[in-house]
Amino acid sequence: MRIHCKIVAIILCFGVLLLLYHFVRNAADEPPLKQVAKENYVQTSSGLGNIVSVELAQKPRPVAQVSQKQPRLNRKSSKLPNRRGSNHANPRRLGEPKPPRKPVSEEWMHLAVVACGDRVDETLTMLKSALLFSIKKIKFHIFAEDSLKPQFEKGLNKWPHPFTLKFQYSIYSITFSVGNAQEWKKLFKPCAAQRLFLPVILKEVDSLLYVDTDVLFLRPMDDIWSFLKEFNTTQLAAMAPEHEIPKIGWYSRFARHPFYGKTGVNSGVMLMNLTRIRNTLFKNSMIPSGLAWEDLLHPLYQKYKNHITWGDQDLLNIIFHYNPECLYSFPCQWNYRPDHCMYGSNCPGAEEEGVSILHGNRGVYHDDKQPAFKAVYEAIHDYPFEDNLFQSMFYPLQTKFLETVNTLCGRIPQVFLKQVEKTMRKVYEQRVIVHLKHPPN
């Protein structure tokens with residue numbers, strides 16, 4: 001009886017040993033949860049390890065069921081799928097260099113002008129006004145007679161270094177892709193018709209602001225550039241009305257051809273989506289089907305050349321008369337001319353906000369017919385780069401306006417001074433206050 005009891009005891013002990021052996025083996029195959037959390041924490045970069053370890057400790061990973069037909073993974077290989085399958089991004093190892101950042105494409109604004117004859121100095125003053133107040137960088141597209149190219153290069157290259165970082169420029173010869181070049185060149189003012197061919201010539205440019213040489217920016221060009229985002233799906237250009245009051249407007253009284261809206265539009269400041277212009281077929285009075293921009297210009301001129309007075313501007317009015325859905329009309333303060341004040345103030349937007357873009361047509365910058373316009377031109381022309389804007393431009397401008405209060409347009413000096421003062425304050429804050437808060441290293 002004692003022998004039987006001893007045999008039973010030995011068998012029980014042997015069974016207990018077998019159970020312990022299987023338990024220890026399983027524990028060795030799968031490491032404890034806290035140990036895995038610790039290993040992941042060590043390999044994470046600063047600031048991420050705590051997040052990983054806390055999540056691992058709070059929510060244990062489910063153990064995948066292994067089929068009997070599949071070989072059992074060893075200890076080392078079982079860790080890799082768990083780490084790669086984690087919801088967290090693979091952390092950068094200590095000592096590894098940071099991956100290079102993708103370069104951010106910088107948005108440039110494009111400004112075009114056409115200059116022939118004695119317009120070099122006036123054109124440089126216009127470009128100067130755009131550059132002084134702009135925020136984004138600008139690419140100047142200057143179309144000029146070949147004899148004027150050295151003068152433009154000399155003038156632009158004299159501008160001081162901090163400002164030369166804000167712009168690039170290209171100078172193009174005067175070219176007309178269709179029709180008689182000499183006939184186009186003499187249309188209205190010398191070379192003015194060149195603007196009609198900008199979509200054809202500047203094929204790599206998506207959008208563009210065209211201005212006449214006698215234009216001055218009194219606020220950042222960025223602000224008028226932002227109108228591009230307000231275009232609907234059919235609009236591809238923007239201009240201001242030729243006049244605000246049809247009874248005294250030129251087109252409504254004298255035009256012998258179709259024109260846009262009730263008063264026509266003025267093309268001295270013209271914002272264009274060139275890509276849309278190139279891809280659009282324009283309705284017209286010559287053939288039932290639409291015509292592409294380049295194919296439309298010469299037949300349109302041939303049909304109306306004996307009926308137009310203002311050259312290329314009249315042709316634009318005819319085009320948008322038949323395609324009104326393609327034009328965005330911006331307020332008169334973006335193309336403020338003597339007509340807005342010489343017959344009484346008739347630009348409500350300028351009275352409320354001040355002039356944004358000044359257009360001194362009829363040569364008023366260079367004679368004494370409108371001293372208010374001439375005062376603004378001379379203030380910007382004479383301003384030395386890098387001088388204090390208020391001391392060297394705004395205060396002298398205020399003084400000059402005291403001499404114009406008895407003139408037709410000088411009676412409302414706040415229209416000319418309100419926006420430019422606001423713009424100068426913004427420029428001052430950017431150049432001075434920002435640099436004081438964040439001094440260069």
Side-chain angles (χ1 to χ4, degrees), residues 109-115 119 123 126-127 129-130 138-143 172 176 184 187-189 191-202 205-217 219 221-232 234-243 250-251 259-261 263-278 280 282 293-294 296-297 300-301 308 310-337 339-340 355-361:
M109 300 181 294
H110 294 262
L111 179 62
V113 64
V114 179
R119 297 298 184 108
T123 305
M126 180 276 292
L127 297 175
S129 71
I138 309 175
K139 290 186 178 179
F140 297 143
H141 301 272
I142 304 169
F143 291 81
Y172 309 83
F176 303 97
W184 281 117
L187 182 64
F188 186 46
K189 292 181 180 179
C191 309
Q194 180 71 76
R195 87 183 84 181
L196 297 174
F197 296 87
L198 296 180
V200 181
I201 299 171
L202 302 176
V205 178
D206 175 70
S207 297
L208 179 84
L209 176 66
Y210 167 87
V211 297
D212 286 346
T213 60
D214 51 9
V215 159
L216 293 172
F217 291 85
R219 66 187 293 176
M221 178 183 158
D222 309 65
D223 295 338
I224 191 171
W225 190 258
S226 65
F227 281 124
L228 288 167
K229 296 179 181 179
E230 298 186 20
F231 284 10
N232 62 26
T234 62
Q235 290 167 340
L236 44 76
M239 287 181 277
E242 172 65 24
H243 213 285
W250 192 92
Y251 282 106
F259 55 89
Y260 176 84
T263 60
V265 288
N266 184 281
S267 60
V269 179
M270 184 176 179
L271 187 64
M272 293 179 279
N273 185 316
L274 299 183
T275 301
R276 289 187 180 184
I277 292 176
R278 288 188 286 262
T280 299
F282 293 87
W293 184 267
E294 186 176 12
L296 175 64
L297 296 177
L300 195 69
Y301 170 68
I308 58 178
W310 307 112
D312 54 306
Q313 177 174 293
D314 291 346
L315 294 179
L316 289 169
N317 267 280
I318 296 169
I319 291 172
F320 289 111
H321 169 81
Y322 291 104
N323 301 270
E325 73 283 358
C326 295
L327 190 66
Y328 178 96
S329 180
F330 48 66
C332 52
Q333 64 265 30
W334 295 96
N335 188 351
Y336 190 89
R337 304 178 303 282
D339 288 345
H340 290 116
V355 175
S356 297
I357 293 181
L358 194 68
H359 186 180
N361 59 350

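Computed from a predicted structure; not experimentally measured.
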Keeping [X] on the side-chain end and [Y] on the backbone end, is there a donor-acceptor pair under 3.5 Å?
X	Y	answer
Ser129	Leu216	no
Asn317	Tyr260	yes
Thr234	Glu325	yes
Arg337	Glu242	yes
Gln313	Ser267	yes

Result for side-chain hydrogen bond (donor to acceptor under 3.5 Å, both in side chains) between Asn335 and one of Asn266, Asn361, Asp212 points to Asn266

Close side-chain approach of [X] and [Y], heavy atoms under 4.5 Å:
X	Y	result
Met239	Phe320	yes
Leu315	Ile308	yes
Trp250	Asp339	no
Ile142	Leu127	yes
Met126	Phe217	yes
Tyr301	Leu297	no

For Val269 and Leu209: C-alpha separation, side-chain torsions, deciding distance, then whether side-chain contact (heavy atoms from CB on, under 4.5 Å) applies. CA-CA 7 Å; Val269 179; Leu209 176 66; 4.1 Å; yes

- Please walk me through it: do Phe282 and Trp293 pass side-chain contact (heavy atoms from CB on, under 4.5 Å)? CA-CA 7 Å; Phe282 293 87; Trp293 184 267; 3.5 Å; yes

Nearest heavy-atom pair of [X] and [Y]: which atoms, and what distance?
X	Y	answer
Met221	Met109	CE-CB, 3.7 Å
Leu198	Ala112	CD1-CB, 4.1 Å
Phe140	Ile138	CE2-CG2, 3.4 Å

Taking only residues two or more places apart in sequence, or in another chain, which ones meet Asp206 in a salt bridge (Lys or Arg N to Asp or Glu O under 4.0 Å)?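 Checked Asp206 against salt bridge (Lys or Arg N to Asp or Glu O under 4.0 Å); zero matches.
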
Open item on the list: Checking Leu316 against Val265 for the side-chain contact (heavy atoms from CB on, under 4.5 Å) test, could you report, in this order, the C-alpha distance in whole Å, the side-chain angles of both residues, the deciding distance, and whether it holds?
Closed with: CA-CA 8 Å; Leu316 289 169; Val265 288; 5.6 Å; no

Could you tell me if Tyr328 and Asn232 have a donor-acceptor pair between their side chains, going purely by distance under 3.5 Å?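 No.
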
- prompt: Could you go step by step and tell me if Asn323 and Thr280 meet the side-chain contact (heavy atoms from CB on, under 4.5 Å) rule?
  reply: CA-CA 11 Å; Asn323 301 270; Thr280 299; 6.0 Å; no

- [ ] Report the relative orientation of the aromatic rings in His340 and His243; use parallel for angles under 30°, tilted for 30 to 60°, perpendicular for over 60°.
- [x] tilted

